[in-house]
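I have placed the structure first, in the form of structure tokens, so that the comments after it can refer back to it.
Note on naming: letters A, B, ... go to the chains in the order of the sequence lines (proteins, then strands), and numbering restarts at 1 for each one.
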Amino acid sequence: MSRNKLTIYNTLSSKKEIFTPIYEDFVGMYVCGPTVYSNVHLGNCRTFISFDMVYRYLLHLGYKVRYIRNITDVGHITTDTNDEVDRIGEQAKLEKMEPMEIAQKYTVYFHQIMEQFNNLSPSIEPTATGHIIEQIEWIKEILNNGFAYEINGSVYFDVLKFNDSYNYGILSGRKIEDLLSGTRDLDGQDEKRNPLDFALWKNASPEHIMKWSSPWGMGFPGWHLECTAMSSKYLGNEFDIHGGGMDLKFPHHECEIAQSTSANGKTPVQYWMHANMLTLNGKKMSKSTGNTLNPDELFSGKNQLLDKAFQPMVVRFFMLQAHYSSILDFTSEALQASEKGFNKLMEAIKTINLLPFSEKSSVDVKSLVDKFFSAMNDDFNTPILIAHLFDAVKIINSVKDGKEFLTQNDLLFLKENVECFVYNVLGLKTNQDEQNNNKLNEVMDLIIDLRKKARDSKDWPLSDFIRDRLVQVGITIKDNKESTSWI
RNA sequence: GGUUUCGUGGCCGAGAGGCUUAGGCAACGGUCUGCAAAACCGUCUACAGCGGUUCGAAUCCGCUCGAAACCUCCA
């Protein structure tokens, strides 16, 4: 099996490493999920699509995967000052709702979008608010070990103290001295002993809405802590893969490592994976700067940047044509190119079923399928996989044209693997409208039949009229030698 | 300023010391077709710049120029 050949680029070591899970056959994977205070944007989606692909391939290799992706429903402070403004609380005031209504509203939206992108559900999708007790336990442990201090009802992680015993910055490659010299002066008097220290628990003022009681008074947990608490609860103190967007590498993931290490004495994660940014106009998509595109706008085409609407699967395909660790720039033109490629691929999959088989094969499908695996084994190289799938497309079309030949076994083998990699691994599917719409199919059969009659009697005005009207409805007619199909 | 990356043909985007003509899109020529569309065949040989290492570099090293992410919430 090609399982033991899977390599993963580990951002902790900055190297590709052979993937060996802690427990044979089982993989634990944690991915940082969204903060649900507003609509997910396309950049967020890229990360989740990337890790969905990783999840799918691990499953394809036969691993039993426990995939955890959290929902951050505690609104963490927006600035490092002491003003205690949190995003969910702010949004709640803005929309005149309870904070949990905000969290619910945007969680539901998030799920809808994930489904449209054909992302599989994680095994567990824990919420930060559902794990306050666990987070408090972690703080106690870190305090016990002497790596945190309490002040005015807040608890801070002592980065300098930690760095004396361990190494703060192993993930991001930062040095304490550099970090210190780079810190800015913040407004107001800071409770922290050191600007690098981060909050494990924040004291909440009476006006603050989202708060819980703790040994240190009413407050709310620090952002970095929830992932530590939830990943360890469901995957153990040491687990295989931790993923997230590049922008979380520092400080979020660095702090997670520090928290776990300070409590357990060892680093929590074997393989750190970081999905790169989706940019718009050459700049990272970001809610705070407003440089975003929402999936809805893309699916409906209602945005100035777009010439037309795009199906979710086209967008997914577009993203998978780039490697997850590369920055990908979004443009309408690039998406249109992907749309054509996607349609070509999906058409070929349909035609596999119509191919004739021969006594002998003129192409080596086994070695082609091997290439599918080796592409994915090379740090989930989906662009290479897709390139090889297009080799398969070429073969399929050539067999259709009688220029290449395949035996029944080879044909079946090719069909199974192409379908498997396209549907199960890349998570692509044909557009919803095309599926399970028997009535439409029958009506279309009828229309094509009528048009055929018109064409047989050389009634070109009528046959073209039918074709043009269908185009207006969004259906394209394709006349082949023997038959007519539509898309 | 510091840390981490990156700069590939008209566009998107892989590759990482010597054959990948990577792949997709676009363009051009052809086959097919009532005309289209789609398919198919063919054409299009690039690695920011300047040095260096090497028998050999897009790939390694140095410098220059340019871009991004992070150092504040962020996927």
Open item on the list: Suppose you measure atom C1' in B:rG30 against the same atom in B:rA39; what distance do you get, rounded to whole Å?
Closed with: 14 Å
- [ ] Please work out if A:Gly282 contacts a base, only the sugar-phosphate, or nothing of the nucleic acid, heavy-atom cut-off 4.0 Å.
- [x] sugar-phosphate
- [ ] Would you kindly say whether A:Ser121 and A:Glu125 are connected by a side-chain donor-acceptor distance under 3.5 Å?
- [x] no
- [ ] Quote, to the nearest angstrom, the P distance that separates B:rC11 from B:rG51.
- [x] 25 Å
Open item on the list: With a 4.0 Å limit, can you tell me whether A:Ser326 has a side-chain N or O closer than that to the phosphate oxygens OP1/OP2 of B:rG13?
Closed with: no
Open item on the list: Does A:Gly33 reach a base, just sugar-phosphate, or nothing at all? Heavy atoms under 4.0 Å.
Closed with: sugar-phosphate
- [ ] Could you verify whether a donor N or O on one side chain and an acceptor N or O on the other, from A:Asn10 and A:Lys15, lie under 3.5 Å apart?
- [x] no
Task: For RNA chain B, stems built from three or more consecutive Watson-Crick or G-U wobble pairs below 3.5 Å - done: B:1-7 with B:65-71, B:10-12 with B:23-25, B:27-30 with B:40-43, B:48-52 with B:60-64
TODO: Could you pick out which residue, A:Lys403 or A:Ala387, lies toward the 5' side of RNA chain B when each is mapped onto its nearest nucleotide?
DONE: A:Ala387
Open item on the list: Distance check needed: B:rA69 C1' versus A:Arg46 CZ, whole Å only.
Closed with: 13 Å
Open item on the list: From the set B:rG23, B:rA75, B:rC41, return the single nucleotide nearest to any side-chain atom of A:Lys284.
Closed with: B:rA75
Task: B:rU3 versus B:rC12 - spacing of their C1' atoms, nearest Å - done: 29 Å
Task: Residue met sooner reading RNA chain B from 5', once A:Ser288 and A:Phe250 are mapped to nucleotides - done: A:Phe250
Task: Length of the line joining A:Leu328:CG and B:rG13:P, which is rounded to integer Å - done: 6 Å
- [ ] Would you kindly give the CD1-to-P distance between A:Ile352 and B:rA39, to the nearest whole Å?
- [x] 16 Å
TODO: Would you tell me whether A:Tyr57 and A:Asn377 have side-chain atoms, one donor and one acceptor, within less than 3.5 Å of each other?
DONE: yes
TODO: If the plane angle is over 60° it's perpendicular, under 30° parallel, otherwise tilted; pick one for A:Trp272 and A:His253.
DONE: tilted
Open item on the list: Using a 4.0 Å heavy-atom cut-off, does A:Thr35 contact any base of the nucleic acid, only the sugar-phosphate backbone, or nothing at all?
Closed with: sugar-phosphate
Open item on the list: Just confirming the chi classification of B:rA27, syn or anti, using 90° around 0 as the syn window.
Closed with: anti
Open item on the list: Let's see if you can work this out: which of B:rU3, B:rG34, B:rC41 has an atom nearest to the side-chain heavy atoms of A:Asp178?
Closed with: B:rU3
Open item on the list: Taking the P atom in each of B:rC35 and B:rU21, what is the distance between them to the nearest angstrom?
Closed with: 37 Å
Open item on the list: Please determine whether any donor N or O and acceptor N or O are separated by less than 3.5 Å between the side chain of A:Ser172 and the base of B:rC70.
Closed with: no
TODO: Would you mind classifying the nucleic acid contact of A:His41 as base, sugar-phosphate or nothing, using non-hydrogen atoms under 4.0 angstrom?
DONE: base
TODO: Please check the phosphate of B:rU5 (OP1 and OP2 only) for any side-chain N or O of A:Asn276 closer than 4.0 Å.
DONE: no
Open item on the list: Using the rule given for side-chain contact (heavy atoms from CB on, under 4.5 Å), can you reason through A:Val36 versus A:Tyr109, listing the C-alpha separation, both sets of side-chain angles and the distance that settles it, and then say yes or no?
Closed with: CA-CA 9 Å; A:Val36 283; A:Tyr109 178 77; over 6 Å; no
TODO: Would you tell me if any nitrogen or oxygen in the side chain of A:Lys394 comes within less than 4.0 Å of OP1 or OP2 on B:rC40?
DONE: no
Open item on the list: Classify A:Leu345 by what it touches in the nucleic acid, base, sugar-phosphate, or nothing, heavy-atom distance under 4.0 Å.
Closed with: nothing
Open item on the list: Considering every strand and a 4.0 Å limit on heavy-atom distances, what is the contact class for A:Ile384: base, sugar-phosphate, or nothing?
Closed with: base
Open item on the list: Work out how far the P atom of B:rA22 is from that of B:rG9, and round it to whole angstrom.
Closed with: 13 Å
- [ ] Can you figure out which of B:rC70, B:rC35, B:rC40 approaches the side chain of A:Asp464 most closely?
- [x] B:rC35
Task: Ring geometry between A:Phe373 and A:Phe421 (parallel below 30°, tilted from 30 to 60°, perpendicular above 60°) - done: perpendicular
TODO: Could you tell me the separation between the CE atom of A:Met246 and the C1' atom of B:rU3, rounded to a whole number of Å?
DONE: 11 Å
Open item on the list: Closer than 4.0 angstrom, basic N to acidic O: yes or no for A:Asp391 and A:Lys371?
Closed with: no
TODO: Provide, to the nearest angstrom, the distance between the CE atom belonging to A:Met273 and the P atom belonging to B:rU5.
DONE: 17 Å
- [ ] For A:Lys453 and B:rG34, give me the distance from atom NZ to atom P, rounded to whole Å.
- [x] 19 Å
Task: Whole-Å gap separating P (B:rA37) and CZ (A:Arg451) - done: 13 Å
Open item on the list: Could you tell me if A:Gln321 and A:Ser338 have a donor-acceptor pair between their side chains, going purely by distance under 3.5 Å?
Closed with: yes
Task: Nearest-Å distance once atom P is located in both B:rA26 and B:rA67 - done: 32 Å
TODO: Take atom P in B:rG15 and the same atom in B:rC60, then report the distance between them in whole Å.
DONE: 13 Å
Open item on the list: Base, sugar-phosphate or nothing for A:Gly43? Non-hydrogen atoms, less than 4.0 Å.
Closed with: base
- [ ] Give one of base, sugar-phosphate or nothing for A:Ala322, where a contact means two heavy atoms less than 4.0 Å apart.
- [x] sugar-phosphate
Under 3.5 Å between N/O atoms: give me all the protein pairs with nucleotides 25-28 of chain B, atom names plus distance.
| residue | atom | partner | partner atom | Å |
| --- | --- | --- | --- | --- |
| B:rA26 | OP1 | A:Lys340 | NZ | 2.6 |

TODO: Look only at the side chain of A:Glu256 and the backbone of A:Leu225, and say whether a donor-acceptor pair between them is shorter than 3.5 Å.
DONE: no
- [ ] Report which part of the nucleic acid A:Asp329 touches: base, sugar-phosphate, or nothing (heavy-atom distance under 4.0 Å, all strands).
- [x] sugar-phosphate
TODO: Mark yes or no for a side-chain to base donor-acceptor pair under 3.5 Å between A:Arg467 and B:rA36, with no hydrogen or angle criteria applied.
DONE: yes
TODO: May I ask you to decide if A:Asn381's main-chain N or O and A:Asp378's side chain share a donor-acceptor pair within less than 3.5 Å?
DONE: no
Open item on the list: Under 6.0 Å from the ring centre and within 45 degrees of the ring axis: does the NZ or CZ of A:Arg69 meet both conditions for the six-membered ring of A:Phe51?
Closed with: no
Open item on the list: Between P on B:rU20 and CG on A:Asn381, what's the gap in Å once rounded to a whole number?
Closed with: 16 Å
Open item on the list: Nearest to the A:Leu179 side chain among B:rC71, B:rC70, B:rC40, which nucleotide is it?
Closed with: B:rC71
- [ ] Please check the phosphate of B:rC35 (OP1 and OP2 only) for any side-chain N or O of A:Lys458 closer than 4.0 Å.
- [x] no
Open item on the list: Any donor-acceptor pair, under 3.5 Å, between the side chain of A:Asp479 and the base of B:rA36, if you only look at N and O atoms?
Closed with: yes
Open item on the list: Can you confirm whether the side chains of A:Tyr234 and A:His131 place a donor and an acceptor under 3.5 Å from each other?
Closed with: yes
TODO: Could you measure between the two P atoms, the one in B:rC40 and the one in B:rA46, and give it in whole Å?
DONE: 27 Å
TODO: Tell me yes or no: between the side chains of A:Tyr156 and A:Asn194, is some donor less than 3.5 Å from an acceptor?
DONE: no
